[in-house]
Amino acid sequence: MARTQVVIVGGGPSGLLLGQLLFKAGIEAVVLERKTREYVLGRIRAGVLERGLVGLMGEAGVDTRMKAEGFVHDGTQLAYEGDMFRVDFAAHTDATVMVYGQTEVTRDLYDARAATGGDTRFEVDNVVIHDADTDAPFVTFDQYGGTQRIDCDYIAGCDGFHGISRKTIPASVRREYEKVYPFGWLGILSETPPVNRELIYANSDRGFALCSMRNAQLSRYYIQCDVDDHVGNWSDDAFWDELRRRIPAAAAETLVTGPSIEKSIAPLRSFVTEPMRWGRLFLCGDAAHIVPPTGAKGLNTAASDVHYLNQGLCQFYGDGDSRGLDTYSEKALARVWKTERFSWWFSNLMHHYPSQSDFDKKMQLAELAFLRDSPEAQAAMALNYVGLPY
Ligand code: APR
Ligand code: PHB
C-alpha cells in the first residue's frame with residue numbers, strides 16, 4: 001500500500017503551488033488530477049497577480065519566466081461617464097501587481113514539478129477521501145482500469161468548486177454562503193496590442209467593460225452580458241462594436257481589433273464554505289470559495305490559503321507544532337471574507353444591474369466621483385487591489 005505525507009487533490013494552481021512549496025520544505029506530496037496537463041493548461045484564466053502571490057512564486061522557485069515576461073503595474077484606470085481616472089497603487093501602498101497570465105503560472109508550476117520529480121497522477125477518476133476525521137486518513141482513486149489507495153498524514157482539497165473535497169465535509173458541519181450576480185462576463189482573447197498600458201475598468205450606461213492584456217501582442221477584453229446570453233450570439237465584430245461603446249472615446253478610437261482566439265461567457269458568483277478544515281482535510285482555493293472576477297481575486301485568494309496551509313504543515317513537520325494547522329481555517333477565512341467583500345464592492349460599483357433604479361445609478365456615480373476625488377478612498381482600493389497582507 002502506497003503512503004505519502006500529503007495528498008493534494010487537484011492539479012490546478014492551488015494544488016501545484018502547494019506541492020512546490022512543500023517540495024521546497026522537503027515534505028512529500030502526491031498530486032491527483034482528474035484531467036491531463038494539457039487540458040488544465042487549456043483553461044483561460046485571469047491575469048493579475050497580487051504581491052503575495054508574486055512572493056510565493058519566488059519562494060516556490062518558479063518566478064523566473066514571470067519576472068522576465070510579466071508586466072509590473074503600479075496603477076489602474078477607472079472609467080465612467082466617458083472619462084477616466086487613475087488609482088495609483090505605488091503612491092498609496094508602495095506595492096504593485098504583476099500582469100502575467102494565471103495559465104502561465106500553472107504552466108510554470110507544472111514544469112517545476114516535473115523537473116523536481118514531483119509525483120503527479122493525471123486522469124484519475126473517482127477520487128474518494130476516507131477517514132479524514134481520524135488520524136489515519138487515506139485516498140482511493142481509479143486510474144488505468146484499477147483502483148489505488150494512498151495512505152497519508154494530511155489531505156489538501158485543491159479540486160476547485162466542482163471537486164469532491166468540500167462535499168467530503170459532512171453537510172451538518174458545513175455552512176455555505178452564496179450570492180449569484182444577475183449578469184455574466186463575455187471575454188475575448190485577441191492577438192492584438194493592448195488598448196492601454198494599464199487595465200481599464202469601465203462603468204458605462206450599457207454595462208461593465210474591462211480592457212486587460214497578457215503581453216504586448218495579446219489582449220484580453222470583457223463586457224458584461226446577460227446571465228442567459230450565449231457566446232454564439234456574439235460575432236467578433238459585435239463584440240468590438242459593443243466594447244467601443246463602453247470605453248472612453250480616446251480608447252475606443254485607438255482600439256486595435258482582430259479575430260478572437262478565444263471567446264467565452266462566465267457566470268459571476270460569490271461563494272464561501274466554512275470551515276475550511278475537517279480533521280486531516282484542508283480546503284484551498286476554489287474548493288472553498290469563489291469570487292466574481294472583477295477584483296481578480298480568484299487565484300490570489302487561493303494563494304493566501306496555500307501560504308497558511310504550507311506554513312502550518314511546515315511547522316508540524318518541522319517541530320511537531322500543530323498550531324498553524326489548528327488555526328488554518330480561522331486565518332484563511334479571515335482574509336477570504338475581506339477579499340470577498342472587495343470583489344463584491346467592486347462588482348457592485350462597476351456593473352449595471354437589471355433591477356437598478358435611477359437612484360441606484362446615481363449612487364454608483366457618486367461613489368466613483370468620491371473615489372476619483374479622495375486619496376483616502378483610492379488608498380483603500382489600492383490596498384485591496386495589490387493584496388491585503390497575509
Ligand atoms: N479529482 C481530481 N482532480 C479534480 C477533481 C477530482 N474529483 N475535481 C476537480 N479536479 C481538478 C480540476 O481538473 C482542476 O485542474 O482540480 C483542479 C482545480 O483547479 P481550479 O478549479 O483552477 O481551482 P484552484 O486551483 O483552486 O484555482 C484557483 O485559479 O485561475 C484561477 O480562476 C481560477 O479562481 C481560480 C483559481
Ligand atoms: C484578466 O486579465 O483576465 C483580468 C484582469 C483583471 C480582472 C479580471 C480579469 O479584474
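For this chain, numbers begin at 1 and follow the sequence in order. Only a predicted model underlies this, so the values are computations on that prediction, with no experimental measurement involved.
- Applying the 6.0 Å contact sphere to OH of Tyr177 captures more than 12 heavy atoms from other residues, nucleotides or ligands.
- At least one side-chain heavy atom of Thr106 sits under 4.5 Å from a side-chain heavy atom of Arg45.
- Looking at heavy atoms from C-beta onward, Asp142 lies out of side-chain contact with Val124 at the 4.5 angstrom threshold.
- The backbone N or O of Gly11 sits less than 3.5 Å from a side-chain atom of Glu33, completing a donor-acceptor pair.
- The pair Glu262-Arg220 meets the salt-bridge criterion, with a side-chain N (NZ, NE, NH1 or NH2) lying under 4.0 Å from an Asp/Glu carboxylate O.
- A salt bridge links Arg37 to Asp111: one of the charged nitrogens lies within less than 4.0 Å of a carboxylate oxygen.
- Note: Phe71 and His73 have perpendicular aromatic rings, judged against thresholds of 30 and 60 degrees for the angle between ring planes.
- In this structure, CZ on Phe282 lies 10.5 Å from CE on Met276, to the nearest 0.5 angstrom.
- Looking only at side-chain heavy atoms (C-beta outward), Cys284 and His307 stay at 4.5 Å or farther from each other.
- Between the CG atom in Leu388 and the OG atom in Ser304 there is a gap of 9.0 Å [rounded to 0.5 Å].
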Side chain to side chain contact (heavy atoms under 4.5 Å, CB included) assessment of Ile129 paired with Leu281: CA-CA 9 Å; Ile129 296 168; Leu281 170 63; 3.9 Å; yes

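- Between Leu32 and Val30 the shortest side-chain heavy-atom distance falls below 4.5 Å.
- A distance-only check finds a donor-acceptor pair linking the side chain of Ser219 to the backbone of Thr192 [under 3.5 Å].
- Taking the six-membered ring where tryptophan is involved, the planes of His351 and Trp185 are essentially parallel, since the angle between them stays under 30° and well short of 60°.
- To the nearest 0.5 Å, atom CH2 of residue Trp240 and atom OG of residue Ser260 are 8.0 Å apart.
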Asn215 and Glu69: CA distance, side-chain angles, deciding distance, side chain to side chain donor-acceptor pair (under 3.5 Å) verdict: CA-CA 8 Å; Asn215 59 49; Glu69 299 177 14; over 6 Å; no

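- Leu199 has its side chain within reach of Val48: a pair of non-hydrogen atoms, C-beta onward, lies under 4.5 Å apart.
- The only option from Asp125, Val127, Asn126, Val128 that meets the side-chain contact (heavy atoms from CB on, under 4.5 Å) definition with Phe141 turns out to be Val127.
- A salt bridge is defined here as a Lys NZ or Arg NE, NH1 or NH2 lying under 4.0 Å from an Asp or Glu carboxylate O, and Glu50 with Lys297 meets this definition.
- Salt-bridge check for Asp135 with Arg280: passed, with a basic side-chain N closer than 4.0 Å to an acidic carboxylate O.
- At distances below 3.5 Å, not a single donor-acceptor pair connects side-chain atoms of Gln315 with backbone N or O atoms of Gly312.
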Worked check of side chain to side chain contact (heavy atoms under 4.5 Å, CB included) between Arg246 and Glu242: CA-CA 7 Å; Arg246 298 190 186 186; Glu242 187 59 35; 2.8 Å; yes

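- Atom CD of Glu376 sits about 11.5 Å away from atom CG of Leu371, to the nearest 0.5 Å.
- In terms of modelled atom types and a separation under 3.5 Å, the side chain of Gln378 and the main chain of His92 share no donor-acceptor contact.
- Taking a cutoff of 4.0 Å between a charged side-chain nitrogen and a carboxylate oxygen, Glu123 and Arg34 do not qualify as a salt bridge.
- The side-chain heavy atoms of Arg335 and Tyr308, taken from C-beta on, include a pair separated by under 4.5 Å.
- Panel note: side chain Thr103, backbone Leu41; no donor-acceptor pair is recorded below 3.5 Å.
- Other residues, nucleotides and ligands contribute at most 12 non-hydrogen atoms within 6.0 Å of the OH atom of Tyr39.
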From CA spacing to verdict: side chain to side chain contact (heavy atoms under 4.5 Å, CB included), Phe183, Val227: CA-CA 4 Å; Phe183 39 76; Val227 67; 5.5 Å; no

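- Atom CG of Leu283 and atom NE2 of His289 lie 8.5 Å apart (nearest 0.5 Å).
- Side chain of Asp226 to main chain of Asp228: no donor-acceptor pair is present (N/O by atom type, distance under 3.5 Å, no hydrogens or angles).
- Heavy-atom minimum distance, Arg277 versus Leu325: NH1-O, 3.3 Å.
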Residues Met57, Val105; criterion side chain to side chain contact (heavy atoms under 4.5 Å, CB included); working and verdict: CA-CA 8 Å; Met57 294 285 283; Val105 168; 3.7 Å; yes

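- Side-chain contact of Ser270 with Tyr181: a donor-acceptor pair under 3.5 Å is present, judged by distance alone.
- In this structure, Phe346 has its ring center closer than 6.0 angstrom to the ring center of Tyr201.
- Across all their heavy atoms, Asp360 and Gln356 have their closest contact at CB-CG, 3.4 Å.
- Listed for the Arg51 side chain is a donor-acceptor partner under 3.5 Å among the backbone atoms of Gly387.
- Rounded to the nearest 0.5 angstrom, Asp88 CG and Thr96 OG1 are separated by 11.0 Å.
- Across all non-hydrogen atoms, the minimal contact from Lys331 to Gln311 is NZ-OE1, 3.9 Å.
- Taking the centre and axis of the six-membered ring of Phe138, the NZ or CZ atom of Arg149 falls inside the cone set by 45° and 6.0 Å.
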Stepwise side chain to side chain donor-acceptor pair (under 3.5 Å) check, Glu28 with Gln5: CA-CA 5 Å; Glu28 195 186 81; Gln5 289 173 299; over 6 Å; no

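- A salt bridge links Arg65 to Glu104: at least one charged side-chain nitrogen sits closer than 4.0 Å to a carboxylate oxygen.
- Side-chain contact annotation: Asp286 with His162, donor-acceptor N/O pair under 3.5 Å absent.
- A donor-acceptor pair under 3.5 Å links the side-chain atoms of Asn300 to the main chain of Ala296, judged by distance alone.
- With salt bridges taken as basic N to acidic carboxylate O contacts below 4.0 Å, none links Lys361 and Asp358.
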Residues Trp345, Glu340; criterion side chain to side chain donor-acceptor pair (under 3.5 Å); working and verdict: CA-CA 8 Å; Trp345 168 80; Glu340 289 281 346; over 6 Å; no

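- Look at Asp119 and Arg121 and you find a salt bridge, because one of the NZ, NE, NH1 or NH2 atoms lies within 4.0 Å of a carboxylate O, short of that distance.
- Counted by atom type alone, Gln20 and Glu59 present zero donor-acceptor pairs between their side chains at under 3.5 Å.
- Look at Asp83 and Arg372 and you find no salt bridge, because none of the NZ, NE, NH1 or NH2 atoms lies under 4.0 Å from a carboxylate O.
- Classification of the Tyr385-Phe89 ring pair by plane angle, with boundaries at 30° and 60°, yields parallel.
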Test log, rule side chain to side chain donor-acceptor pair (under 3.5 Å), inputs Thr273 and Arg174: CA-CA 7 Å; Thr273 193; Arg174 272 185 282 133; 5.2 Å; no

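- Asp159 has no carboxylate O lying under 4.0 Å from a charged side-chain N of Lys167, or vice versa, which leaves the two without a salt bridge.
- No donor-acceptor distance shorter than 3.5 angstrom exists from the side chain of Glu178 to the backbone of Val272, with no hydrogens or angles considered.
- Taking the charged nitrogens against the carboxylate oxygens, Glu176 and Arg166 do have a contact shorter than 4.0 Å, which makes a salt bridge.
- Looking at Asp108 and Tyr110, their side chains never come closer than 4.5 Å, going by heavy atoms from C-beta outward.
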